[in-house]
Every structure is written in structure tokens, then in C-alpha cells.
2 protein chains.
Amino acid sequence: MQLHKRDVVDVATSLLDDYGMADLSMRRLARELNVSPGALYWHFANKQQLLGAVADRVLTAVDTASADPGDWQLGIGSLCTQLRDALLSHTDGAELVSASFAAGQSRAMGEVLGRLSAAAREAGVGSTQAELAARTIVYYVLGFTADEQSRLQWDAAGADLVETVWDEDPSARFAFGLRLLISGISVHSRSDA
Amino acid sequence: MQLHKRDVVDVATSLLDDYGMADLSMRRLARELNVSPGALYWHFANKQQLLGAVADRVLTAVDTASADPGDWQLGIGSLCTQLRDALLSHTDGAELVSASFAAGQSRAMGEVLGRLSAAAREAGVGSTQAELAARTIVYYVLGFTADEQSRLQWDAAGADLVETVWDEDPSARFAFGLRLLISGISVHSRSDA
DNA sequence: ACCTGAACACCGTTCAAGT
DNA sequence: ACCTGAACACCGTTCAAGT
């Protein structure tokens, strides 16, 4: 039967979950799909584009279209929490989405950025600065979660008992950084431009 | 004559500057040094460790030991500006340092983190939160600069005229995000813990 | 239109053996 | 102690040729 983009992304995602990014190669993916490596290049221009599609699949768990909550601080908080949860629910999820975002291959991250900008404008900052604030938040969420996930996966792999202060209540730690950013936005929404 | 770590890092850095991360391979590096690939593994455990050494070389331009300026906001600002400048002065510098930082292979980034924590404590936040604030700043600087650099390199390579709002005064844009974070730290340094 | 086969030009890492 | 040679087990991508 025919190979469809959907099947490719499905299998790629399960490969990611089971073995991580290092083992998510075009050749291995083709093997798993029982096609030749070249077949993938009929459906995707290159590996980056394929990874972008997998990133967008991971991000389907993030609701980027829900009605505005009216409270911008809450809006940012819940969106970022959803984003972090989505990344943590796949092996190397943060690394994958970071790379795809950096390469400009994730449509979904574009939407996240849009929602965050909207929230910042709602807070009362100008639209140029709202875009900047949104990006700052994204850098934080991706950086924090990639860090968290690499530690999680590191001491899930045998290296027990190394749990430092880092492993205690990551959600609270995550929320703290977010509060820092939200406070910053608050400050810049009144008085000075 | 003998191969020393210093020579390896020297040549690796010039390879990075001339061809970028994608072409900084162990085999290519060995070729350039007129040794066999295996020789590198006498001096470095693996590629990650070697890249960490190159990252630390890039970061020698960042002064992590200067006397405290007394003004923590200025201290954070100048350190981050130095960091960004250092990254921008090597091809794929931000990507390299990001990866090495994530892999825990950069001694220098550890020192940057320490200096930022100290500045946050000086601002009046608790030491646990100071560590978090420092990481948040690092995620921002690395994320912003990697983004900036990839755009710079992209439209240095032929794709002219695509200059959007992104390319106008990146330094001012960088400073804005930094101000956001510094404001956030200010807020959390008084009243609430 | 969609895929195979086979090639091209590479990788990182290991390790017996040499000096 | 330090390095070579050669191997192992892979990569991403292209493209004529097949159906």
C-alpha cells in the first residue's frame, strides 16, 4: 500500500518515544516503514522538514486556538504549562521542538508565538515589544524544559541518587521563571515604553 | 611533532569560523591536523568533550572574574553583552555554546551562571531563586543569540532583501528582553519571596 | 505519481598493533 | 605515552530506472 505523510510521522514519533532523537534517522525510519530511504524524499524535502512535522505532531497537545481567558497572565501561564507538558511527554521532545523552532520548521511554534504576543499586547505593551516578549518566553520554556528533560532522562538511565536541588519540584521551579518574565512584562506595560 | 590539546582546539576553532558546525567533524579535524581520526581520542574522550573545549575557547572573551561593579543590573547587562558578542564573533558560536551548555561540557558557562547568580543575590533574592534567575537569563541569551545568528548567517548567504523588522537594531532588541528579566528580578527582590 | 537500487560522500568510535 | 591502520556500524541525499 501507499506511503502517506501521516504514517511516516506516526512511525517517526514512536521511534522518538522508544529510542530518542539520536536514533531517529531517515534510514532507520525507512527500515521501520519497510521502504527504501529514498522513498521518504518523495514526501519530505529533507530531514529538517520531517522533524518539523514530528515537532508539530508533538505540539498538537498544545491548544493554541482556545478563547482568550481575559486574564493575560493566566493565559501565558496555562499556554506555557501546556507547552512544557507536551515536550515532557515525548523522549527528547524539548530538544526536537527547539531544533525545529530554530530551523523555522514548526508551524505550531509560530502559533504559540502568536498567542504569547497577543497576551503581551493585552498586558499593554506595544506590538513590537510584545513580539519580543513572546520570543523571550519561548526561549525560556524551551531552554528550561530541555534542561529538565535531559536531567530526567539522564538519571532515569541508571545514574540514581544524584538527585540534587534540581530534581525537587521542577514545576515550581518552572513557574518561578515564568513569574519573573510575567512580572517583567507587567512593569513594562505601564509608564515607560 | 606531538599533538597537543591546544593545537586541536586552535584548528577546531578556525574550522568552525571558516565552515561552521556542520563541517566540524572529528574526521575533518584530524585531516586538517594531519593525524588519523583515532589520534583525537587519545586527547578527548569524545566529540562532545572536544566541542566543550572549543566552546570554552570561544568564551575566553567573556570576563567572568572581574571585580563586582556594585550595580547588579549593570553587572548582568555587561556580562550578557559580553556573552552575546563572544557568540556572534564565531560562526555558529551560539549553537555551539548552547549545545555544550546543555551537555554540561562548558566550564565557562558554569562560571557565567555563577556570576549571574551572584548578581541576583546582590539584587536581594534568595540563593535558590537566584540560581533559577541566572538560568533564566542564560536561556534567554543563548536562545536570542542563536536565533539572531542563524538569521544573520542565512541572509549573509545570498538571501538578501528579506530583512524584516528582525534585522533592525538587534542590540536594542536584545537589551529589551534583558530589561524584562532584570525588571522581573527587581520585583521579586522586594516583598514576596 | 510513487518508489527501488545503488551509489556518493561522508560520519563517530574502537582497538590491536606499532614506535 | 602516543599514534596509525583498519575496521565496524552507521549516516543524509540523489537519481536513473522501474511500475
Side-chain angles (χ1 to χ4, degrees), chain A residues 1-16 18-55 91-92 95-96 98-100 102-106 150 153-154 157, chain B residues 1-16 18-55 91-92 95-96 98-100 102-106 150 153-154 157:
Chain A
M1 58 243 114
Q2 263 226 57
L3 188 61
H4 287 108
K5 270 176 132 113
R6 276 214 43 217
D7 309 319
V8 177
V9 175
D10 281 349
V11 172
T13 306
S14 73
L15 222 42
L16 180 74
D18 294 346
Y19 307 100
M21 274 213 89
D23 287 322
L24 181 43
S25 68
M26 296 300 268
R27 281 170 176 279
R28 170 116 193 229
L29 179 54
R31 212 188 308 138
E32 221 83 14
L33 286 160
N34 291 117
V35 295
S36 84
L40 297 173
Y41 289 87
W42 183 260
H43 300 277
F44 299 90
N46 48 45
K47 189 181 182 180
Q48 268 199 356
Q49 190 173 100
L50 194 154
L51 290 181
V54 179
T91 307
D92 294 334
E95 199 190 324
L96 168 74
S98 271
S100 297
Q105 296 285 358
S106 170
S150 86
Q153 291 174 182
W154 207 76
Chain B
M1 59 243 116
Q2 262 226 58
L3 188 61
H4 286 108
K5 270 175 131 113
R6 275 213 44 216
D7 311 318
V8 177
V9 175
D10 281 350
V11 173
T13 306
S14 74
L15 222 43
L16 180 73
D18 295 345
Y19 306 101
M21 273 215 90
D23 286 322
L24 181 42
S25 68
M26 297 300 268
R27 281 170 176 278
R28 172 118 191 227
L29 179 54
R31 212 187 309 139
E32 222 83 15
L33 286 160
N34 291 117
V35 296
S36 83
L40 297 173
Y41 290 87
W42 183 260
H43 301 277
F44 299 90
N46 49 45
K47 189 181 182 181
Q48 269 200 355
Q49 190 172 101
L50 194 154
L51 290 180
V54 179
T91 309
D92 295 334
E95 198 190 325
L96 168 74
S98 272
S100 297
Q105 296 286 358
S106 171
S150 86
Q153 293 174 181
W154 206 76

Which sits closer to the 5' end of DNA chain D, A:S25 or A:G38, going by the nucleotide each is nearest to? A:S25
A:Y41 atom OH is separated from C:dC8 atom P, nearest whole Å, by 18 Å
First encountered from the 5' end of DNA chain C, between A:A39 and B:A39: A:A39
Value in whole Å for how far the P atom of C:dT14 lies from CZ of B:R27: 13 Å
Kindly say if B:S36 contacts the phosphate of D:dC3, meaning a side-chain N or O under 4.0 Å from OP1 or OP2. no
Taking the side chain of A:R28 as heavy atoms from C-beta outward, which of D:dC11, C:dT14, D:dT14 is closest to it? D:dC11
For the side chain of B:N46, counting heavy atoms from C-beta on, which of D:dC3, D:dT13, C:dT13 is nearest? C:dT13
Distance in angstrom units between A:L24 CG and D:dC10 P, rounded: 15 Å
Approximate separation, where rounding is to 0.5 Å, of A:E32 CD and A:Y19 OH: 6.5 Å
For B:K47 and D:dC10, what is the distance between atoms NZ and C1' respectively, to the nearest whole Å? 14 Å
To the nearest angstrom, the CE-P distance between B:M1 and D:dC2 comes to 16 Å
Less than 4.0 angstrom between a side-chain N/O of A:H43 and OP1 or OP2 of C:dA1, yes or no? no
Verify the contact: side-chain N or O of A:W42 to OP1 or OP2 of C:dC3, cut-off strictly under 4.0 Å; return yes or no. no
Between C:dC11 (P) and B:L40 (CG): distance, integer Å: 12 Å
Tell me which nucleotide, if any, is Watson-Crick or G-U wobble paired with C:dC3 when both distances must be under 3.5 Å. none
What is the distance, to the nearest angstrom, from the CD atom on B:Q2 to the C1' atom on D:dA1? 8 Å
Atom pair distance, as rounded to whole Å: CZ in A:R31 and P in D:dA9: 13 Å
Strictly by Watson-Crick or wobble contacts shorter than 3.5 Å, is anything paired with C:dG12, and which nucleotide is it? D:dC8
